[in-house]
Amino acid sequence: MTDLFSKFDPLIQQREQLLSTGVTDPFNLVMERVESPTVAICNGKRTILLGTYNYMGMTFDPDVIAAGKKALDEFGSGTTGSRVLNGTYGPHKAVEQALKDFYAMDHAMVFSTGYQANLGVISTIAGKEDYIVLDIDSHASIYDGCAMGNAQIVPFRHNDIEALEKRLKRIPEGAGKLVVLEGVYSMMGDVAPLKEMVAVSKANGAMVLVDEAHSMGFIGEHGRGVAEAQGVIDDVDFIIGTFSKSVGTVGGFCVSNHPKFEILRLVCRPYVFTASLPPSVVATAATSIRKLMDSKAKREHLWENSKRLHAGLRQLGFTLGTDEPQSAIIAVIMPDLEKGAAMWEALLNEGLYVNLARPPATPAGMTLLRCSLCALHTDEQVGEILGMFAAAGRATGCIS
Ligand SMILES: Cc1ncc(COP(=O)(O)O)c(C=O)c1O
């Protein structure tokens, strides 16, 4: 018998080697208690959270929590069914209405996760005969959606407008074309040149899907994302998003003005063949989304946090993923996995949680400490965070 697990041996060895150095397992941390969107108890210690994507700090919002409790009481703990059978309750329609209002779009379809939203929409609209042109650094859910639909995949160099145009021009005349982009790329925290890319896509007869998972709620005048900020939201055919970041719960969605959009509810397998989200979850999401419409002051504070952390880390001597802060994500580039894990652990010991990211999730084989800021991080907390980076960086030899 061939052990089907033997393909994982290299990864098992790499993990064992890392843990044999005595470092805490960076992929097995337990939040023992969560006190707020910015503080948790980990290993019995107060820990500032700087790696949760809880950009707008909605997880402990009193109105959001009250909406969830009310829906739990009124509708029970779960729907036990698909959206197309017994799984559509009032709160599912209410969250879709909240999304339509938030984006000012005609249609909104909610999935159980953002992963499933990409999987479902991409695989359903782009099939075997069609071409998907996508940024090489696209999220795994985008790649999985492409694979599931069996479309021809044409990747192009990250954020390279000319490369996108060249690929589009090579596609046979008359073929179906979908360009898939992200607003903010979550590994490095950089923003896509959507204005140019959407124009190039449209000029070459392609439909455009933009994943705004890391920009919703924060970027753009109304928090609609990078497409809004760059003035091209009306030219984008589909926006994908998630409830697991700024919205502060779980779920995914697609919004669109396409006149035939609603047919997806009958043909999109990751929508049809799975149970719908619990009513308490969609009720929290609807309340959160409506509050995000009116969060200008929070957005401004989040930008200030991002700018201050970026400048402070740079001043300390860390190498960052972007020259300027472009989003609420700041990536600190580590020389290798061992140093990255040591620095991650030293930060945890200081009382700071960040994400350790490593290949294959990262571009160019990099190890990253990914920091995601929250609108509720106080000025004092940002100061504490910089102090912790200074201490951990010196202790591990990452900075001098
Ligand atoms: C760009 C992007 N798209 C989609 C997803 C999936 O979202 P969810 O957590 O809702 O499955 C993520 C989550 O990490 C993401 O970063």
Side-chain angles (χ1 to χ4, degrees), residues 27 49 51-56 58-59 92 95-96 99 108-123 132 134-148 155 158-159 178-192 194 197 208-220 224-227 236 238-255 268 270-271 274-278 281-282 284-286 288-289 292 321 326-331 354-358 360-363 368 370-374:
F27 304 109
L49 301 173
T52 60
Y53 309 110
N54 195 352
Y55 301 122
M56 298 298 281
M58 299 306 286
T59 48
H92 295 89
V95 76
E96 287 175 342
L99 282 166
M109 191 169 157
V110 166
F111 292 76
S112 300
T113 63
Y115 177 92
Q116 277 167 276
N118 270 330
L119 195 70
V121 174
I122 295 172
S123 67
I132 298 177
L134 81 171
D135 189 292
I136 197 150
D137 287 352
S138 293
H139 190 260
S141 56
I142 292 173
Y143 276 104
D144 292 354
C146 296
M148 187 168 149
H158 179 56
N159 271 354
L178 177 68
V179 171
V180 180
L181 306 166
E182 294 180 31
V184 171
Y185 284 86
S186 69
M187 284 297 148
M188 305 299 266
D190 57 332
V191 158
L194 287 187
M197 287 187 155
V208 180
L209 178 150
V210 180
D211 181 333
E212 297 269 21
H214 292 275
S215 40
M216 181 193 184
F218 173 38
I219 296 181
R224 291 174 190 153
V226 177
V236 170
F238 310 97
I239 291 179
I240 294 283
T242 175
F243 297 161
S244 72
K245 307 195 192 300
S246 286
V247 178
T249 177
V250 67
F253 64 87
C254 181
V255 291
C268 179
Y271 178 83
T274 195
S276 63
L277 286 165
V281 167
V282 278
T284 58
S288 179
I289 291 162
L292 289 177
Q326 296 185 17
S327 67
I329 301 171
I330 294 169
V354 299
N355 288 145
L356 179 66
R358 54 149 196 210
T362 51
L368 304 172
R370 282 191 310 160
C371 307
S372 49
L373 286 145
C374 175

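Atoms within each ligand, like the ligands themselves, are counted from 1 in listed order.
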Closest heavy-atom pair, Gly252 versus Ala117, reported as atoms and distance to 0.1 Å, is C-CB, 4.2 Å
Quick one: does Tyr115's side chain get under 4.5 Å of Asp144's, heavy atoms only? yes
pair Met216-Leu99: side-chain heavy atoms closer than 4.5 Å: yes
Ligand 1 atoms nearer than 4.0 angstrom to some heavy atom of Thr113 are 10 (O), 11 (O)
Can you tell me if Gly252 has a non-hydrogen atom under 4.0 Å from ligand 1? no
For atom 13 (C) of ligand 1, what is the nearest protein heavy atom, given as residue, atom name and distance? Lys245 NZ, 3.1 Å
Could you check whether Lys245 makes a cation-pi contact with Tyr55, meaning its NZ or CZ is under 6.0 Å from the centre of the six-membered ring and within 45° of the ring axis? no
Could you tell me whether a side-chain N or O of Ser288 sits under 3.5 Å from a main-chain N or O of Val247, the two making a donor and an acceptor? yes
Which atom pair, heavy atoms only, marks the closest approach of Gln116 to Ser112? OE1-CB, 3.4 Å
Look at atom 5 (C) of ligand 1 and say which protein heavy atom is nearest, naming residue and atom and giving the distance to 0.1 Å. His139 CE1, 3.5 Å
Which residue and non-hydrogen atom of the protein lie closest to atom 16 (O) of ligand 1, and at what distance in Å? His214 NE2, 2.7 Å
Please could you name the atoms of ligand 1 that Glu182 approaches to less than 4.0 Å, counting only its heavy atoms? 1 (C)
Could you see which bit of Gln116 sits under 4.0 Å from ligand 1, with heavy atoms only: side chain, backbone, both or neither? neither
Of all protein heavy atoms, the one nearest atom 9 (O) of ligand 1 is Ser244 OG, 3.0 Å
Would you confirm whether Asn355, through its side chain, and Ala357, through its main-chain N or O, come within 3.5 Å as a donor-acceptor pair? no
Taking only non-hydrogen atoms of Gly251 and a 4.0 Å limit, the atoms of ligand 1 in range are 10 (O)
Between Ser123 and Leu119 (side chain of the first, backbone of the second, donor and acceptor by atom type, cut-off under 3.5 Å), is there such a pair? yes
With heavy-atom distances below 4.5 Å as the criterion, would you say the side chains of Cys268 and Phe111 are in contact? yes
Heavy atom of the protein closest to atom 8 (P) of ligand 1 (residue, atom name, distance): Gly114 N, 3.4 Å
How close does the nearest protein non-hydrogen atom get to atom 3 (N) of ligand 1, and which residue and atom is it? Asp211 OD2, 2.6 Å
Atom 11 (O) of ligand 1 has as its nearest protein heavy atom Tyr115 N, 2.9 Å
Which atoms from ligand 1 have a heavy atom of Thr242 less than 4.0 Å away? 7 (O), 8 (P), 10 (O)
